[in-house]
Amino acid sequence: TLKIGEYSPVEILLADGQRMERQVQFAKGAPENPLSEAELHDKAMSLIGPVLGATQGSELLACVESLEAVSDLRELTRLLILSRTGQGDA
């Protein structure tokens, strides 16, 4: 039985009979194995884009990434609202 946080190994049997096995100690995205900035951006867009559209999603991420410089949070809240036309430009 695996403990919480343990991952079982993955084994692949190739057509030529060769076996390959890999086990990760920490899942991608865990504090011990964090996502890169590019991976985090891509993951966020994969979740935000289908809802808000690519353009609005990109604007939202840019706003969040520069949140310290935002002088009026209405800009952020505007970007969190679906446009009247539906799902943006997704």
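Not measured: the values here are computed from a predicted model.
Between Arg22 and Glu11 there is no salt bridge, since no side-chain N of the basic residue sits under 4.0 Å from a carboxylate O of the acidic one.
Listed for the Glu39 side chain is a donor-acceptor partner under 3.5 Å among the backbone atoms of Ser36. Gln23 contributes a side-chain N or O that, together with a main-chain N or O of Tyr7, makes up a donor-acceptor pair within less than 3.5 Å. Glu6 places a side-chain N or O within 3.5 Å of a backbone atom of Lys3 that can act as its donor or acceptor partner. Under the 3.5 Å distance criterion, the side-chain polar atoms of Gln25 are left unmatched by any main-chain donor or acceptor of Asn33. Checked by atom type and distance alone, the side chain of Lys28 never pairs as donor or acceptor with a backbone atom of Leu35 at under 3.5 Å.
Listed here is the closest heavy atom pair of Ser66 and Ala62: OG-O, 3.0 Å. Between Pro31 and Pro34, the closest heavy-atom pair is O-CD, 3.5 Å.
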Under the side-chain contact (heavy atoms from CB on, under 4.5 Å) criterion, do Leu79 and Val64 qualify, and how do the steps go? CA-CA 10 Å; Leu79 293 168; Val64 169; over 6 Å; no
As a quick check of understanding, evaluate side-chain contact (heavy atoms from CB on, under 4.5 Å) for Met45 and Leu61, giving each step before the final call. CA-CA 8 Å; Met45 281 305 296; Leu61 286 181; 3.5 Å; yes
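Transitive grouping of hydrophobic side chains (ILVMFWY, heavy atoms separated by less than 4.5 Å) keeps Leu40 and Leu52 in distinct clusters. Cluster annotation: Ile81 and Leu47 are assigned to distinct hydrophobic clusters (Ile/Leu/Val/Met/Phe/Trp/Tyr, side-chain heavy-atom contacts under 4.5 Å, transitive).
Within a 6.0 Å radius of CD1 in Ile12, no more than 12 heavy atoms belonging to other residues, nucleotides or ligands are found. The environment of Glu37 atom CD is sparse: at most 12 non-hydrogen atoms of other residues, nucleotides or ligands sit within 6.0 angstrom.
In this structure, CD in Gln56 is found 8.5 Å from CG in Leu80, a value given to the nearest 0.5 Å. Atom CG of Leu73 is separated from atom CZ of Arg78 by 13.0 Å, given to the nearest 0.5 angstrom. Note that CD1 of Ile48 and NE2 of His41 are 8.5 Å apart. Values are rounded to the nearest 0.5 Å. To the nearest 0.5 angstrom, Leu60 atom CG is 6.5 Å from Leu76 atom CG. Rounding to the nearest 0.5 Å gives a distance of 10.0 Å between CD of Glu65 and SG of Cys63.
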